[in-house]
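Report on the following structure.
Order of the sequence lines sets the chain letters (A, B, ...), proteins ahead of strands, with each chain counted from 1.
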There are 2 protein chains.
Amino acid sequence: MSTEPASFSNASAPRYQQLTDTLIHEIRSGQYPVGSLLPPEPRLIERFGVSRHTVREAVRRLAEMGLVARRQGVGTVVRARDRDTRYLASLSSLEELMQYTQQTRLKRLGERWVEADEALAALLRCKPGQRWLEFDTCRYPASGSEPFVHMVVYVHAAYESIRHHLDEGSVWFYGLIEKHYGEAIVEVQQETCAIAMSAHSARLLGVKPRSPGLQVVRYYLGRDDRMLSVSVNVYPAERFKVATRWRLERHESPAAEPSAPPPPGD
Amino acid sequence: MSTEPASFSNASAPRYQQLTDTLIHEIRSGQYPVGSLLPPEPRLIERFGVSRHTVREAVRRLAEMGLVARRQGVGTVVRARDRDTRYLASLSSLEELMQYTQQTRLKRLGERWVEADEALAALLRCKPGQRWLEFDTCRYPASGSEPFVHMVVYVHAAYESIRHHLDEGSVWFYGLIEKHYGEAIVEVQQETCAIAMSAHSARLLGVKPRSPGLQVVRYYLGRDDRMLSVSVNVYPAERFKVATRWRLERHESPAAEPSAPPPPGD
DNA sequence: AAGTGGTCTAGACCACCGA
DNA sequence: CGGTGGTCTAGACCACTTA
């Protein structure tokens, strides 16, 4: 039992905080490269001479910061060396600019269970064979009969019952999941690319097949990187633009290094 | 010991999750109005017949969602009936995912002074007649002869001399401005849309004219919203994807308001 | 089958706050 | 002072992944 002093200064800080600081520093120093595994909990317990609860609290905070991701049966994977805090954009500003606030109507075209084949599994980042609930929808401006986006939404089987709540106005799918399952959306990932429009999308949007379209895929992740929902949005080229704004942000002061060597670069 | 069944569905979900759901529902229903106190932990322990750990886990998630704030010595205050979603994305995560770090080569194709006509002025958001320095460039993967983006960069006349520094590896234009003029980039705006590719871009990228392309326009603004630089990036549809990641902002728990009135709706 | 993280209990002591 | 949430221990069993 080494019961390492855990750290330099901060002797008065809570034990878990000291662990958090130490681990942050070790991740930043490259001791645990991105993609590698943090030591499993039993090892951290030995090393720091604390209870499992304390170790878990420390690692939980690392996960909250996005530095690591925990995976049952696998371990704790390092995801990033630094918590990046320079330019920040909020998702809500994104939605505003997409004019998605109540001024649009959602129309449900269809709904069915799908089993992920190779291609769908790649899109949904899951294993082939998983079952998902698929919704086929279009979104219209509040006044106007031309839809401006064809949206296909996949919802994880565990949350299938949200389909009973889809009529409640212009709510978002992830909003429904949060509302009815108490499962917080902790991260949203978005991939944007240009495509030649499929026949199905083209027909719905009233444009020619294979004309340019903007495809935005959004991944909604819960705690520990569980994929809760995925939406595939296709916009006609002429009718849409995605705007985002990043602003220079204040540097979160504390948290970081007490006596530890200063971060490189930056 | 009532050991309440906690809720409607979700009988198989973890116990803390059932508590979370129940409490969310009760907050939303107005049973605990905004500003009031949630029952203290001992009461929740009795009511649900669970251990303190489980209660705390449930309440912790409410706090994470911003619905409540815990204050030592006071209690758990209800802060909102519904979740306010604040997600943040950092610009650096964007760049990472675009694989723009040193692994690409920039090739300068041309450089000239342009006077903004009506169309260019609209793009650059300036008045017609303004003079800008225009760079025509392509970006290549570190190994490979196929460019993956055609980039046209406009630099405000005041910073024209950066053209002498363009050879310093794979630096960004805005990096050069910050470096040589001490002018901080305070805000970055980005507009993404799909286009039919122009003949010029198509030739450079080796694709057919009018095939789908992804156009990303970035505006770099300095203090006082001065436009310092604008870059227009055109990517071929098959070869590129823009990825962005938003993470839930950490709700700094208590601390905040001493006596200040709580913020309204948000 | 072994090892990981996920959940949960039953205790304990502490720091903080308000009456 | 009494009650609140904050921290922490020492166990236990489970679900999941990998081999």
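Between the C1' atom of D:dC8 and the CZ atom of A:R61 lies a distance of 13 Å, rounded to the nearest Å. Rounded to whole Å, the distance from CD1 on A:I45 to P on D:dA12 is 14 Å. At whole-Å resolution of the value, CZ in A:R60 and P in C:dT7 are 12 Å apart. If you take CD of B:E41 and C1' of C:dC8, they are 15 Å apart, rounded to a whole angstrom. Taking atom CZ on A:F48 and atom P on D:dC8, their separation rounds to 13 Å, with Å as the unit. Put simply, CD on A:Q18 is 8 Å from P on D:dC8, counting in whole angstrom units. A:L44 has its CG atom 13 Å from the P atom of D:dT9, to the nearest Å. Atom NE2 in B:H53 sits roughly 16 Å away from atom C1' in C:dA12 (whole-Å rounding).
Cation-pi geometry between A:R125 and A:Y219 is met: the NZ or CZ atom falls under 6.0 Å from the ring centre, inside 45° of the normal.
The aromatic rings of B:H53 and A:H53 lie perpendicular to each other, with more than 60° between the two planes, well past the 30° mark.
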For nucleotides 13-19 of chain C, 5' to 3', base contacts (B), sugar-phosphate-only contacts (S) and non-contacts (-) with protein non-hydrogen atoms under 4.0 Å give --BBS--
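When heavy atoms are screened at a 4.0 angstrom cut-off, B:V50 is found touching the sugar-phosphate backbone but no base atom.
Residues B:S29 and B:E26 come closest through the heavy atom pair OG-O, 3.0 Å. The minimum heavy-atom distance between A:V68 and A:V78, with the atom names listed, is CG1-CA, 4.2 Å.
Closest approach to the A:P42 side chain among D:dT7, C:dG5, C:dC8 is made by C:dG5 (side chain taken as heavy atoms from C-beta onward). In the set C:dG5, D:dC8, D:dG5, D:dG5 carries the atom at the smallest distance from any side-chain atom of B:R70. You'll find that the side chain of A:P40 is closest to C:dT4, out of C:dT4, D:dT7, C:dC8.
Counting non-hydrogen atoms of other residues, nucleotides and ligands closer than 6.0 Å to CZ of A:R60 gives a total above 12.
Taking 4.0 angstrom as the limit, B:Y16 places a side-chain polar atom (N or O) nearer than this to OP1 or OP2 of C:dT7.
Side-chain atoms of A:R28 never come within 3.5 Å of backbone atoms of A:R81 as a donor-acceptor pair (strictly under, hydrogens ignored). When atom types are taken as modelled, the side chain of A:T22 and the backbone of A:Q18 share a donor-acceptor pair closer than 3.5 angstrom.
Sequence order on DNA chain D of the closest nucleotides to A:T54 and B:T76 puts B:T76 first from the 5' end.
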